[in-house]
Amino acid sequence: MEYQFREIEEKWQDEWRKRNTYAVSEDKSKKKFYVLDMFPYPSGAGLHVGHPLGYIASDIFARYKKHRGFNVLHPMGYDSFGLPAEQYAIQTGQHPAITTKNNIERYREQLDKIGFCYDWSREVRTSDPAYYKWTQWIFSVIFNSWYNKETDKAEHLDRLIEKFENNGTYNVEAALEEGWYKDLLNSSDFPLFGKDFCGEFTATDWQSLNNEQREKVLMHFRMAYLADSIVNWCPALGTVLANDEVKDGVSERGGHQVEQKLMRQWSMRISAYAERLLQGLNKIDWSESIKEVQRNWIGKSEGASVRFQLNGHAEYVEVFTTRPDTIFGVSFMTLAPEHELVLKITSADNKEAIEKYIGAAKLKTERDRQSDVKNVSGQFTGAYALHPFTGEKIPVWIGEYVLAGYGTGAVMAVPAGDQRDWDFAKKYDLSIPNIFDNTDISEKAETSKEVKLCNSQFLDGMIHSDAMPRIIAAIEEGDFGKGKVNYRMRDAVFSRQRYWGEPFPIYYEDGIPHLIDTSSLPVVLPEVDKYLPTEDGEPPLARAKGWVYVPNSAKDSNKLSNAQSLPKKNEDPRVESRINSNQKAPHPLPLTKGDAGDSNNVRTTASQFGADDYASQSNLIFKTTGDETRAEDDLEDSLEHNSEHFATSLEEAGHIWKTSNPKKREFLKAHARNMRKEQTQAEKLLWEKLRNKQIGYHFRRQYPIGPLIVDFVNFSHKIIIEVDVKIHETDQNREYDISRADYLWNLGFNVFQFTNEEVMANIEDVISRLSRKFPLSLEERSGVRPPKIDGSAKDLGNTNFRHLEYNTMPGWAGSSWYFLRYMDANNASEFASRDKIDYWGQVDLYMGGAEHGTGHLLYSRFWTKILFDHGHIGFDEPFQKMINQGMILGRSNHVYRIIGTNKFVTSEKKDEYKTQQLYVDINIVDNDILDTNAFKKWLPEYENAEFILNDTGEYTCTFAIDKMSKRWFNVANPDDLCEKFGADTLRCYEMFLGPVEQSKPWDTKGINGVHNFLRKFWRLYHNSNNEIEISNEVASKAELKTLHKTIKKITEDLDRFSWNTCVSGFMICVNELQEHKCNKRAVLEPLVVLLSPFAPHIAEEIWEKLGHSKSITQAQWPAFDNAHLTEDEFSYPVSFNGKTRFFISLPADLSASEVEKIVLQDEQTSKYLEGKAPKKVIVVPKRIVNVVV
RNA sequence: GCCUGGAUGGCGGAACUGGUAGACGCGCACGACUCAAAAUCGUGUGUCUUCGGGCGUGUGGGUUCGAUUCCCACUCUAGGUACCA
């Protein structure tokens, strides 16, 4: 065969890998374009043909944009935390990390075969500690945030504390839970706030609180907060679920029962962003349906909250209504059974019935409650409320149809205007006062907003829109309530009682959660013996040995016990020193100049920088960390006057230096320069080797990193080489070395230490040891650090040890920000550098399924807004344009077995027998005809199958369109197709199927047509001996026309994301060129560039054969020249009364009147005029002539 | 119920701002080359027809010289969503 796609594809996939063809870097001379696919969860089943649909489309687009001169970011990664791997772990005991790793390898293999242009050096995996370190960091940012409604953004909690300190809650407008303060009211810890506390306190109040009390208050303000809330508890999965993970009362994953349960859980205050999430939809280019899903989810409704005083009680019932204009139609009220006032107001003679009703409601599952929709039910409490305008007594009922979770959990019932209220009133024989003019409400409620009101005092004669402002004003005037906007969206539950997720950067002390310092991140997922909850119902992480935080001093400087880098427990001196020592590590930086040249050439020992002075200096830093500017000024002073400075720990110093001003940076650089001049013998020797790239990588020497200066560093592989006189010479040196290693480790560096002796004695050995180590894989870089302390928190008791959070984060945590990480995937010191984020910016094209409307897509918009508010990124919407690829459905085939036998009957005759429908593997069915021999071999039980065939002697199957699933034996797998037809064919065929957004059944029949097209394409360039044969002759006019028509078509179609029509365009082009027998370079060379985004392998191969040494991916997109398309003649369709009758060829530049004249003179025209005079003639130049008779 | 899409040959689909409906591919039929098959190439392929033409883009109406395209009403269908006050 001429077109050897297997060889070609293998060759180029290899070459691309070798040449690093798809690596991109920030190139500010070029405009950027960011094309992103929703990263997959690496499931065990591997990819089927539906998955790559979107990937292929975006890949084509990315390649196209590259040809157009854009710098294109097109990365890929894995959403690798999640339930399936964990469920598998529970069943088999295999660590989810292993399952995940295997699945990822399989995915990668499959992806590689399709020839994508991903820059794999930017790969992210959400379960990689080097990645989730930053997920934890973002959690910390959110934890330290509150939502200031005044500025309408999230702000650092310090701003709030400052406000509290100065003015208490005066002028604090924060996004809070309704009635947040009740928690404090009931607490014995807060005697100070008294019985009448309603959430407001003074600066004096605040100052009188102790730390613990303050923490409790602040918890209510945080954007990530711990609170008792009613959550969806799924007993089968043993975890809580967010609202978007529950569908129809069962879990989305697995379809398990879900119950409502009051639990203490982490939540994210997404409700604070409701309005911004809603408004933001207007500035992004997403499909209307997804936007609508989000609008519904946010559920904004405008109306009023109204208070109804209870007769004979001090309390009132507050309701929310979107129809306050119908308030004069209120004839009763209904509270949710869970409403807090219910038991209080129920009269003695109704008590029994009410309790019974509540009890019955409690027993029902969410699903039962939802299926009972049509049967309204309720119970009278015996209490009455007073109508705010008329003073009438209104009976108060409870009813299941009122949900505790929406609005205030109470409604004012207007049976005339609401169908549910109407049903309720009918059932319990309550009055239905009519408030609508000329309207019959005896059969159903009137819900139109266009009907005039009556019996409504000052609202009489008005319709809804006129009455609204009037009634809200009246309500506010009378102080019964106020106009209000309500959102349905609730805060998102953020904790899961699961193992395979991100640990929280949180530890508990006396039940109060505290943040683990960001410098100690990541908190690495610990090993556990089982992936199940503990016997007393704690999440799996409670099983972890050493899942505790070890206090090491009276001060609040804590070290995470397992956040240490040396693997062998007994040899790791840090554990001991951390636990036993109250001393802090001194600052490692030798700030006095000229100390590098002492007798031993030792630059950095603790003794040199006066550890004794530490105590007097440390306050400086501690006091001022809240005020960055102040601290930096002080630091500056200390640098200049003392030339010595100490932070409390390396981490703190690192933090300060990171945010420091250029002056300090200069100081460090100058210091490093001095050190370079005064290298030791060993350093000089090693440098000679390193500078000649003897181990293959470029190193810098004596380079400042944070507050440190390291000997040799390679940034891209995160390697540091240190040469010291001796390692761990004294206790103090050792402590310093440890801190230093820790600091660098936390920045993601691997530190290799050699002694002077080692280097001097055998430099070659040192070099070869290093070369063996490189390049470091991602795993090696991030490594999993084993816990250092035996025994769980429980074993150790809570007196000396503080346990870490047992919950893990939900699946959407990692996926909410991954698009940012791709911009700077290997950054060990930040989640991504601001510089790179500013360059790559928003995702320009986001490709993925539409099923994430209320989950991932909402949460990532939410996190993006928080990061924006804090100034970490410069945009507040993550995905500018999104295209949702449709689902590819499977076409499954059925056979019919006669019940009780092993006989199978063809579908035509199936009704003659009593049969059972069975699914059959689509691979042994061709065009609905079953291969009976293959069927016998397919499963052992069919070995002796017999068949009743149709009249033509064939067995025909019926078919159905189902989701692709192993269960239906209808999975088409991309590997097989790549093997059979090649990746280029698969790519083109998937595009050719139809518009990407559309769902469509997979059908392999058409793939031959596309494959043939590529073979024809190949033949254009090759002679019958399969040798390339290209002429350099001048192309003919017709050939150039074909080419430029195609350039225009492909360019325009790609610009409007119409991949399918591009493929037809290519087919037309190839057919035409074949007709012209064209083999001219002037036509075929641009053409291969046009095709290369679609079929990169064949294009690359031909490009090389055409004599190019550079990859075709760097070729420029062919320029379109309209001159080749201009025609001298145009064939006008001439129609009479809109019906085309004949064609007439005329010069293209004729004016409308000239055309009209010629057409009317034409003899064919007179035939159709039948002697009548034309009433009107319409001429659209170069389009159409229409004669009206 | 509500929201958002969709409806065009035997099939997947094309027709971009109203201007030759059915591009391109599949399938099917016939033909060429072959002992034959495969592959390849060629021709035809909406439908009815008395061979003049008639009818055709879910249905009914409207706007227009002209409507698959715009407007109104409806039918069917896919997806989403809900005792949301």
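Just so we're on the same page: letters track the sequence lines, and every chain starts at 1.
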Any A:R1015 side-chain N or O less than 4.0 Å from OP1/OP2 of B:rU40: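 So the side chain of A:R1015 is within the cut-off, an N or O lying under 4.0 Å from OP1 or OP2 of B:rU40.
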Tell me whether the OP1 or OP2 atom of B:rG25 has a side-chain N or O from A:N1071 closer than 4.0 Å. yes
Output the rounded distance in Å from [atom1] ([X]) to [atom2] ([N]).
X	N	atom1	atom2	result
A:N1012	B:rC26	CG	P	7 Å
A:L335	B:rA85	CG	C1'	13 Å
A:Y989	B:rC24	OH	C1'	13 Å
A:I1068	B:rG22	CD1	P	13 Å
A:F1066	B:rA23	CZ	P	20 Å

Using the [atom1] atom as the reference point in each nucleotide, state the distance between [N] and [M] in Å, no decimals.
N	M	atom1	answer
B:rC24	B:rA14	C1'	7 Å
B:rA85	B:rU77	P	29 Å
B:rU8	B:rA15	C1'	10 Å
B:rU57	B:rC11	P	16 Å
B:rG46	B:rG10	P	10 Å
B:rA23	B:rA36	P	34 Å
B:rU47	B:rG56	C1'	7 Å
B:rG27	B:rC71	C1'	39 Å

Between [options], which nucleotide gets closest to the side-chain atoms of [X]?
X	options	answer
A:Y406	B:rC16, B:rC84, B:rG53	B:rC84
A:E1052	B:rA14, B:rC24, B:rC16	B:rC16
A:R1141	B:rC24, B:rU40, B:rG54	B:rG54
A:T1140	B:rG13, B:rU20, B:rU40	B:rU20
A:P1133	B:rU20, B:rA15, B:rC24	B:rU20
A:Q1074	B:rC41, B:rA23, B:rU4	B:rC41
A:F1143	B:rU20, B:rA85, B:rU4	B:rU20
A:L403	B:rA14, B:rC83, B:rU40	B:rC83
A:K1000	B:rC83, B:rC16, B:rG13	B:rG13

Going by number, which of residues 291-307 of chain A have a non-hydrogen atom under 4.0 Å from RNA chain B?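 Within this stretch, A:E292, A:V293 sit under 4.0 Å of the strand.
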Among residues 1178-1186 of chain A, which residues get a heavy atom nearer than 4.0 Å to RNA chain B?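 Here the set is A:I1178, A:V1180, A:R1183, A:I1184, A:N1186.
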Under 4.0 Å between any heavy atoms, over every strand shown, what does [X] touch: base, sugar-phosphate, or nothing? Just pick one.
X	value
A:K1016	sugar-phosphate
A:R490	nothing
A:N1060	sugar-phosphate
A:Q998	sugar-phosphate
A:V411	base
A:S289	sugar-phosphate
A:D1053	nothing

Kindly indicate whether a cation-pi arrangement holds for A:R307 with A:F480, taking the cut-offs as under 6.0 Å to the six-membered ring centre and within 45° of the axis.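 Here A:R307 fails the 6.0 Å and 45° test against A:F480.
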When A:K1077, A:K1045, A:K1041 are each screened for salt bridge (charged side-chain N to carboxylate O under 4.0 Å, His left out) with A:E1072, the one that passes is A:K1045
Would you confirm whether [X], through its side chain, and [Y], through its main-chain N or O, come within 3.5 Å as a donor-acceptor pair?
X	Y	value
A:H339	A:L341	yes
A:R987	A:G982	no
A:S1058	A:D1053	no

Considering every strand shown, what is the Watson-Crick or G-U wobble mate of [N] when both distances are under 3.5 Å?
N	value
B:rU17	none
B:rC55	B:rG46
B:rA36	none
B:rG22	none
B:rU75	B:rA7
B:rC2	B:rG80
B:rC70	B:rG62
B:rA85	none

For the OH atom of A:Y428 and the CZ atom of A:F332, what is their distance to the nearest 0.5 Å?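 Here the interatomic distance stands at 10.5 Å.
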Measuring centre to centre across the rings, with the benzene-like ring taken for any Trp, is [X] within less than 6.0 Å of [Y]?
X	Y	answer
A:F328	A:F389	yes
A:H1022	A:Y3	no
A:F1013	A:W1018	no
A:F1143	A:Y1132	no

When the ring planes of A:H1011 and A:F5 are compared, do they come out parallel, tilted or perpendicular, using 30° and 60° as the limits?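 Perpendicular.
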In terms of ring plane angle, is the pair A:W1059 and A:F1057 parallel, tilted or perpendicular, where the classes change at 30° and 60°? tilted
Could you go through the side-chain contact (heavy atoms from CB on, under 4.5 Å) check for A:D1055 and A:E1052 one step at a time? CA-CA 5 Å; A:D1055 283 335; A:E1052 284 177 359; 5.7 Å; no
For residues 404-420 of chain A, please give each side-chain donor-acceptor pair under 3.5 Å, one per line with the distance, not counting sequence neighbours.
{"from": "A:Y406", "atom 1": "OH", "to": "A:S301", "atom 2": "OG", "distance (Å)": "3.1"}
{"from": "A:Y406", "atom 1": "OH", "to": "A:N486", "atom 2": "ND2", "distance (Å)": "3.4"}
{"from": "A:T408", "atom 1": "OG1", "to": "A:E318", "atom 2": "O", "distance (Å)": "2.6"}
{"from": "A:D418", "atom 1": "OD1", "to": "A:R420", "atom 2": "N", "distance (Å)": "2.9"}
{"from": "A:D418", "atom 1": "OD1", "to": "A:D421", "atom 2": "N", "distance (Å)": "3.1"}
{"from": "A:D418", "atom 1": "OD2", "to": "A:R420", "atom 2": "NH2", "distance (Å)": "3.3"}
{"from": "A:Q419", "atom 1": "OE1", "to": "A:A445", "atom 2": "N", "distance (Å)": "3.1"}
{"from": "A:Q419", "atom 1": "NE2", "to": "A:D423", "atom 2": "OD1", "distance (Å)": "3.1"}

Syn or anti for B:rG9? Use the chi torsion, O4'-C1'-N9-C4 for purines and O4'-C1'-N1-C2 for pyrimidines, with syn inside 90° of 0.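 The base of B:rG9 is oriented syn (glycosidic angle within 90° of 0).
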Syn or anti for B:rG52? Use the chi torsion, O4'-C1'-N9-C4 for purines and O4'-C1'-N1-C2 for pyrimidines, with syn inside 90° of 0. syn
